[in-house]
Protein chains: 2
Amino acid sequence: MTRRPHTRPPVLADVARVAGVSVPTVSRVLSGSAPVSADKRRQVLRAIQELGYRPNAAARALATGRRSIISVLTSDTTRYGYASTIRGIEEAARAVGLVVALTMLDGDDEESARVAVDLALDQPLAGMIVLEFDIQGSRALAALPDTLPVAAVSSAGQGRSVPRALFDDHAGARDATNYLLGLGHRTVHHVGIPPSGRPSGRLLGWREALEAAGAPVPEIVESDGTPRSGLQAGARLARRGDVTAVLCGNDEVAFGVIKALQDEGSRVPEDVSVVGFDDHPLAEIWTPSLTTMRQDFAELGRMAVDFLLGRLAGVPVEAPRSTPRLVVRKSTAPAAR
Amino acid sequence: MTRRPHTRPPVLADVARVAGVSVPTVSRVLSGSAPVSADKRRQVLRAIQELGYRPNAAARALATGRRSIISVLTSDTTRYGYASTIRGIEEAARAVGLVVALTMLDGDDEESARVAVDLALDQPLAGMIVLEFDIQGSRALAALPDTLPVAAVSSAGQGRSVPRALFDDHAGARDATNYLLGLGHRTVHHVGIPPSGRPSGRLLGWREALEAAGAPVPEIVESDGTPRSGLQAGARLARRGDVTAVLCGNDEVAFGVIKALQDEGSRVPEDVSVVGFDDHPLAEIWTPSLTTMRQDFAELGRMAVDFLLGRLAGVPVEAPRSTPRLVVRKSTAPAAR
DNA sequence: ACATCGCTTGATAAACGCTTTCATGGCTGA
DNA sequence: TCAGCCATGAAAGCGTTTATCAAGCGATGT
């Protein structure tokens with residue numbers, strides 16, 4: 001049982017009284033905004049120590065007008081890409097003394113986007129970062145008032161209304177597809193994940209590469225981005241019979257696809273090559289280890305913060321961009337002849 | 001290029017002026033704390049709409065003394081257990097109109113714990129939840145002032161100084177070990193993950209079950225909780241030669257252990273049974289699918305919030321407790337004779 | 001019918017805890 | 001002795017909420 005102190009917490013005036021100085025003097029010691037003589041400073045510090053004084057954040061925010069919260073809006077916090085981006089944002093924010101507030105967007109109608117946004121805006125925000133990896137993110141972006149500094153983290157080629165830190169999954173998907181074509185596969189199938197609005201960059205890059213190579217463009221197999229949906233997608237691919245190469249929208253889906261293919265008797269990579277997207281921590285110890293497009297999400301999150309802060313400071317910053325890199329492992333092989 | 005409005009945001013006084021009423025009247029419309037005539041109310045609402053007014057959270061917090069932020073301290077945001085717990089916390093907090101602030105504890109010395117705690121305390125906090133899954137969490141807990149309402153999420157059997165929402169991994173590990181012994185295994189090896197202080201509940205439950213059954217207690221193999229470290233642990237186990245059953249500290253480690261065992265020529269489950277902990281989303285599609293102790297982290301997070309809120313309201317709430325449940329899949333089998 | 005009372009509604013003012021501007025008084029240095 | 005500097009304190013905000021007060025107005029009692 002911890003003692004619940006019913007006495008109100010000490011305030012600046014208490015410190016001043018105990019130290020025998022005026023309120024502004026204490027404030028100056030705290031902020032260093034003006035010189036204070038050595039012994040007064042010492043007395044003040046001692047009083048602070050003694051009383052266990054902590055500045056009231058609300059009062060400080062009100063007086064200074066400085067905001068110290070970055071709000072992050074996201075539809076998910078557990079999946080790899082999301083969680084890593086959030087980690088990057090938090091690290092960068094913490095490095096400059098800002099705190100990250102997290103609000104989930106659950107429900108993909110506009111009403112719930114509005115509710116979530118309202119909740120987030122109830123805080124005194126320095127700025128906001130929206131993870132626009134999916135439709136929920138886009139909805140939230142649309143529901144934001146334009147008076148607030150916002151940065152989105154999203155796939156290149158989305159709308160241009162809001163400043164964005166971009167990951168170029170368009171180029172990434174093109175590279176991955178070309179890699180598979182280069183292995184001799186006649187074409188490449190695609191397991192899509194839910195896009196944030198228009199067709200995803202991954203889809204576009206994939207299609208572009210196929211068309212450029214004169215390869216047929218197969219029908220897309222949809223998934224919701226989870227391993228379980230990958231399982232279903234894999235089963236459908238296995239039934240087609242003519243599939244030799246698959247590009248998946250993310251690694252979690254790729255895991256499911258591989259599993260389903262194996263369950264249906266296809267060997268990976270001997271019969272079917274599979275490429276993922278993101279480089280999930282388990283990709284390298286999957287069986288077979290997964291060839292994937294590595295995406296540095298944490299870096300992306302950090303870039304988003306720097307970008308937002310730069311804009312806040314009035315410095316014109318170019319929208320940062322991160323391009324995924326191919327990591328070749330054991331889930332891909334030259335086409336069988 | 002979005003228009004950057006250099007005009008300061010509208011305040012209550014602006015609304016009052018536009019609506020032609022006094023400031024407190026606007027406030028009353030907003031909070032409903034006192035009746036306001038119908039047409040004044042209408043005018044006020046129209047003015048709010050027109051100006052795009054948003055109450056200043058800092059001012060409101062200062063005036064009311066109400067705090068709307070729950071701070072979450074955690075050493076990790078990406079791993080499954082952590083991320084899921086955070087999700088549960090966020091959901092429960094949002095349901096009651098609170099916002100979650102996330103601060104990472106990175107560095108396991110006391111100094112960095114103090115820095116992180118200070119940053120978090122710079123906000124006007126309703127309360128704090130510490131994820132005490134590891135030593136960083138314990139450090140942070142120790143660095144907290146005792147004037148703040150705190151709840152920890154931790155393993156049963158840890159210290160009692162702070163109110164905690166508990167997950168009973170002690171009982172879970174005992175159950176898992178008994179299950180393996182029941183399959184006829186002579187003993188069960190354990191791959192540990194970093195504890196939060198004293199020996200982890202998982203370790204204790206495991207040892208307790210072995211001793212109760214009169215089985216030998218093998219030396220523990222350590223890991224850091226990542227798949228990669230599981231790989232090393234698995235390799236070491238494979239070299240021992242006499243291992244037929246392994247209880248892993250979490251699923252990520254179990255994945256690595258299985259992979260390494262397979263690489264070394266052991267079959268799972270025919271030669272070695274492996275049990276994980278947590279029920280990671282990939283556990284069911286691993287090859288072989290992973291038998292594990294399912295832990296409902298999201299529920300645990302929700303319980304922690306309810307617990308904290310109950311204590312804040314002065315209602316004496318019993319510390320909630322969640323016990324993991326065995327999920328049998330294909331990574332375990334009766335001992336070979 | 002008139003003064004009185006109670007009730008609704010609006011306004012004035014104080015408070016929340018801090019920062020910041022400005023004025024003041026004591027020093028220093030020439 | 002006086003200009004100039006420094007440390008310090010008094011006071012005015014920051015944008016809300018809330019208590020207190022005053023005014024308006026219909027209803028009531030005689």
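Please read all numbers here as calculations on a predicted model, not as lab measurements. First the proteins, then the strands, lettered A, B, ... as listed; each starts at 1.
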Within the structure shown, what part of the strands sits under 4.0 Å from [X] by heavy-atom distance: base, sugar-phosphate, or nothing?
X	value
A/Pro24	base
B/Arg54	sugar-phosphate
B/Val21	sugar-phosphate
B/Ser22	base

Rounded distance in Å - [atom1] ([X]) to [atom2] ([N]):
X	N	atom1	atom2	result
B/Arg66	D/dT16	CZ	C1'	11 Å
B/Asp14	D/dG15	CG	P	9 Å
B/Leu62	C/dG17	CG	P	7 Å
A/Asp39	D/dA7	CG	P	12 Å
A/Leu12	D/dT8	CG	P	15 Å
B/Leu30	D/dT18	CG	P	12 Å
A/Gln43	D/dT8	CD	C1'	13 Å
A/Asn56	D/dT16	CG	P	17 Å

Verify, without hydrogens or angle tests, whether B/Thr25 (side chain) and B/Val21 (backbone) share a donor-acceptor contact under 3.5 angstrom. no

Sub-3.5 Å donor-acceptor pair from the side chain of B/Gln123 to the main-chain atoms of A/Ala57, do we have one? no

Is there a side-chain polar atom (N or O) of [X] under 4.0 Å from OP1 or OP2 of [N]?
X	N	result
A/Ser27	C/dC18	no
A/Arg60	C/dT19	yes
A/Ser31	C/dT19	no
B/Ser37	C/dT9	no

Is B/Glu91 salt-bridged to B/Arg94, cutoff N-O under 4.0 Å? no

If you find the nucleotide of DNA chain C closest to A/Ala63 and the one closest to B/Ala63, which residue's nucleotide is nearer the 5' end? B/Ala63

Which comes earlier along DNA chain C counting from the 5' end, the contact point of A/Pro10 or that of B/Val36, where each point is its nearest nucleotide? B/Val36

Using a distance-only criterion (donor-acceptor N/O pair, under 3.5 Å, no hydrogens), is the base of D/dG9 paired with the side chain of A/Arg28? yes

For the residue pair A/Thr78 / A/Asp76, report whether a side-chain donor-acceptor contact shorter than 3.5 Å exists. yes

Taking the side chain of A/Lys40 as heavy atoms from C-beta outward, which of D/dT8, D/dT17, C/dC18 is closest to it? D/dT8

Would you say the rings of A/Phe133 and A/Phe167 are close, in the sense that their centroids are separated by under 6.0 Å? yes

